Amino acid sequence: MTTIEVLGTCHHDCPDSCGWVATAVDGVLTTLRGNPNHPYSQGELCPKVSKFVGRVNHEDRLLHPLIRTGAKGSGEFRQATWDEALDRVVAEFTRIKETHGGEALLPWWSAGTQGLIQNQGTAKALFALLGSATQHGSVCGVAAGYGMASVYGDGLGTDPLQCEHSDHIILWGTNTRLTNRHLWPVIQDAQRRGAKVTVIDPIRTITADKADAVIQPLPGTDVALLLAIINVLIVEDLVDHQYIEAHSIGYDELASHVSDKTPEWAAPKCGLDAEVITELARSIGTVPKTMLRGLIGAEHHYAGPTIFRLMAMIPVLTGSHKVLGGGFARSVGSWAERNDVDIDAVGALATQVAPDAGERRSFRQPDLGVTLTETEDPIHGLFMWNGNPVLSMPNSAMLRRGLARDDLFTVVSEQFLTDTAVYADVIFPAAMETEMVDVMPSWGHLWLGWNEPATEPLGEAVANTELFRRLATAFGFDQPELHLSDEAQIELAVGDHVDVVQMRRDGFVRVTDYPVDHLPYSEGGFHTQSGKAELVAESFASVGVPRLPQWIAPDAVEGAQRADGYSLYLQTPKKATRFLNTSYSGLSAHADRETPPHIEMDISDAQERGLADGDSAKIFNDRGFLVLPVAISDRLRPGVVSVPWGYIDSAYGTEDGSINDLTNAATTEFGNGSCYGDTLVEVEAATTPSHS
Ligand SMILES: Nc1nc2c(c(=O)[nH]1)N[C@H]1C(S)=C(S)[C@@H](COP(=O)(O)OP(=O)(O)OC[C@H]3O[C@@H](n4cnc5c(=O)[nH]c(N)nc54)[C@H](O)[C@@H]3O)O[C@H]1N2
Ligand SMILES: Nc1nc2c(c(=O)[nH]1)N[C@H]1C(S)=C(S)[C@@H](COP(=O)(O)OP(=O)(O)OC[C@H]3O[C@@H](n4cnc5c(=O)[nH]c(N)nc54)[C@H](O)[C@@H]3O)O[C@H]1N2
Ligand code: SF4
Ligand SMILES: [Mo]
């Protein structure tokens, strides 16, 4: 019996990037536990990944290539050899390219693994050689990042761990206890020491349950709240004139812009009392060690990027960037990208292998449904990996229609037969994290993680890097750039600053240039063209950021629906502790222990519609409908309903429908994000017993 133990890092799209120790006996993964030495996760894995061994060795795992035999979406496939499956893809993609041109091909990916080399490997170079269309934008983080960058020049923020030193921690649209659980103990310690914790969220979440103060604005109205906070800071002279003078531009213009945006102006827009806004503003203005913490939640609105833009302005106005415990903590991922890793180094090979590929048409990632149904010169060949768009992209009813097209050839690389994979013509089996090598750049903390494989991939599964090498061979592309080994790709992507030997030995290494007590903007040094924090947009004006942040009603993209009688805002949060996005929700060990989907609503909204707790109700808009039980709740304000997201189709009681069938696919004000949170719906007693 041979037992090996290796150090690895969680690959999930989660801020915590936990360190783990994986044990394999005779080539089979047997245990996975937290690495007790990991500075951030300190030996704890979450309820999702603590059962990872069950995912790896699950009987439903895809272990061989598959070719579709039944109708698209039926889930009927036969096993194929790698050669047959690859030949099929080459034949179809070549036919499509010859008939419709390369740009009728589209790669689509998400962050199923966010690893440095396994997220995309050499895909960019491969698709450049094919002359395919390309993808831009994202459902996650890019729009928030743009909002922040429009003030700071880039997305670099404060280390969230510094909330250890804060006197006031404001969790602004982030459900820390669920989504960022390894930060919570630090916040709790600060709270025990006397720090105040405020949660600002339209939903009273499990994080709000532990807060000292909870503010519940109407969804997507935070721009009004933030403009009013700035109004109070300025009117009551709670700003740091010295810092503003030395390190920002546009103060006077901003001051005059917000002069009429009083708490009384904002209160009805946000559904809050003006006094609550004034009190919050005074606290922010008088407690120097106030840390603002946001992640993604508030991004999913038309106004989302502007919410982050305004949040970023607050510590500039109060000067809290100067003190440990102050600042604005969002993603810190880009600190590693400064000197330590180059996340696009492998992708950049595209310009070497295909210098003539030039500008090709590009589609927004979240728009896959629109892209597949409304593009004039249609996409005919689609290649998807690292994502489950049928469950995770907005307006998924439209996406299903697109994926069902007979004139579309779809390839999916997956670990399981997901609600997306059932639409594939060819499926390639994907390896799991404990079966591949990678380096993990984290967006929640400042350690890079090493991931050593514990076993070979099960069956005929392969890591994404190997998939793209095999595809290159099958297409007859023999450029060495497309055949780089994993080690060579890591070498290319990891800069000289990183001590790879140490990272491999310990499982992690601290990023350079960010000591634990680092204050990135204590003396200015913003990354804008002027080097100053921009309270009026200059560096980012060319990408559509308005000069001054404007109040935008959440009805901006969905208002017409209201006229059609849809009056309730639908929120679709992550709620299951045992799911990571839609991953794990297809596994009974996880799903059976979660509350099934339901329509959470305030009693007043329910009574108005003659609904009682447990009643079967139809939730609908023009895009789709679901029939689900009503759950009366005091966690929501009147006018806001919530249906948890992440579950597979069948959990919603349908064969092909999930809550994203109803969500809004509009684009955020700037930054190419998505407006899930601006969706309007109506709820009524169900007359139809099931989805038909
Ligand atoms: N257990 C678990 N952990 C996860 C994930 C998971 O699926 N499960 N997913 C991971 C991923 S991909 C991400 S991006 C992160 C996300 O991490 P978070 O951003 O913390 O999580 P979300 O649930 O997307 O949103 C957080 C909160 O934002 C609130 N919100 C929505 N709209 C508004 C608004 O207009 N204003 C304000 N103030 N708040 C608003 C929502 O009600 C929600 O409670 O979590 C990661 N961690
Ligand atoms: N309604 C609503 N919708 C949302 C959100 C919300 O809050 N509400 N949140 C949004 C957010 S923040 C995000 S980030 C997205 C997430 O949406 P997705 O990025 O689609 O995430 P998952 O649903 O977890 O799907 C990831 C898939 O990748 C596969 N996978 C994992 N590792 C590998 C690998 O190494 N190779 C290959 N080939 N496949 C792999 C997994 O099996 C899984 O099926 O969803 C968004 N959608
Ligand atoms: S999903 Fe997040 S919390 Fe869970 S082990 Fe991975 S990084 Fe840690
Ligand atoms: Mo995300």
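The residues of the chain are indexed from 1 along the displayed sequence. Each ligand, and each atom within it, is numbered from 1 in the order the structure gives. Since the model is a prediction, treat every value here as computed from it, not as a measurement.
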> Considering only heavy atoms of Arg55, which atoms of ligand 2 have at least one such atom less than 4.0 Å away?
Replying inline: 41 (C), 42 (O)
> Got a sec, which residues hit side chain to side chain donor-acceptor pair (under 3.5 Å) with Gln489, two or more places apart in sequence or on another chain?
Replying inline: none
>> Applying salt bridge (charged side-chain N to carboxylate O under 4.0 Å, His left out), can you list everything that pairs with Lys575, at least two apart in sequence or on another chain?
In response: Glu600
> Short question: side chain of Asn451, backbone of Thr434 - any donor-acceptor pair under 3.5 Å?
Replying inline: no
>> Once you restrict to heavy atoms under 4.0 Å, what part of Ala430 touches ligand 2? Side chain, backbone, both or neither.
In response: side chain
>> Out of all atoms in ligand 2, which are within 4.0 Å of some heavy atom of Asn388? Include the element for each.
In response: 20 (O), 23 (O), 25 (O)
>> Between ligand 2 and Gln118, can you find any atom pair, the residue atom being a heavy atom, that is separated by under 4.0 Å?
In response: no
> Is a salt bridge present between Arg61 and Glu435, judged by a nitrogen-to-oxygen distance below 4.0 Å?
Replying inline: yes
>> So that I can tick it off, tell me whether Arg400 and Asp661 are bridged by a salt bridge, with the cut-off set at under 4.0 angstrom between side-chain N and carboxylate O.
In response: yes
> Heavy atom of Leu391 under 4.0 Å from ligand 2?
Replying inline: no
> Residues two or more places apart in sequence or in another chain: which of them pass side chain to side chain donor-acceptor pair (under 3.5 Å) with Thr679?
Replying inline: none
>> Which of the numbered atoms in ligand 2 are under 4.0 angstrom from any heavy atom belonging to Gly112?
In response: 26 (C), 28 (O), 31 (C), 32 (N)
> Using 4.0 Å as the upper bound for N to carboxylate O, is an ion pair formed by Asp16 and Arg181?
Replying inline: no
>> Show me which atoms of ligand 2 lie under 4.0 Å from any heavy atom of Thr113.
In response: 32 (N), 34 (C), 35 (O)
>> Please check whether Asn464 reaches ligand 2 - meaning an N/O of the residue sits under 3.5 Å from an N/O of the ligand, judged on distance alone.
In response: yes
> With a cut-off of 4.0 Å, which atoms of ligand 2 are near a heavy atom of Thr418?
Replying inline: 44 (O)
> In terms of atom number and element, which parts of ligand 2 are under 4.0 angstrom from non-hydrogen atoms of Asn660?
Replying inline: 1 (N), 2 (C), 3 (N)
> Under 4.0 Å from any heavy atom of Met436, which atoms of ligand 2 are there?
Replying inline: 35 (O)
>> Between Asp212 and Val197 (side chain of the first, backbone of the second, donor and acceptor by atom type, cut-off under 3.5 Å), is there such a pair?
In response: yes
>> Does this structure show an ion pair linking Asp602 with Arg637, if we count only N-O contacts that are shorter than 4.0 Å?
In response: no
> Heavy atom under 4.0 Å from ligand 2: found in Asn386's side chain, backbone, both, or neither?
Replying inline: both
> Between Ser674 and Tyr676, is there a donor-acceptor pair closer than 3.5 Å when you use the side chain of the first and the backbone of the second?
Replying inline: no
>> Aromatic contact between Tyr584 and His12, with the criterion being ring centroids under 6.0 Å apart: yes or no?
In response: yes
> Which protein residues have a heavy atom under 4.0 Å from ligand 1?
Replying inline: Asp13, Pro15, Lys48, Cys140, Trp172, Gly173, Thr174, Asn175, Leu178, Thr179, Ile200, Asp201, Pro202, Ile203, Thr205, Pro219, Gly220, Asp222, Leu295, Ile296, Gly297, Ala298, His301, Trp443, Gln571, Lys574, Ala576, Phe579, Leu580, Asn581
> Step by step, would you call Asp555 with Tyr569 a side chain to side chain donor-acceptor pair (under 3.5 Å)?
Replying inline: CA-CA 10 Å; Asp555 267 6; Tyr569 278 106; 2.5 Å; yes
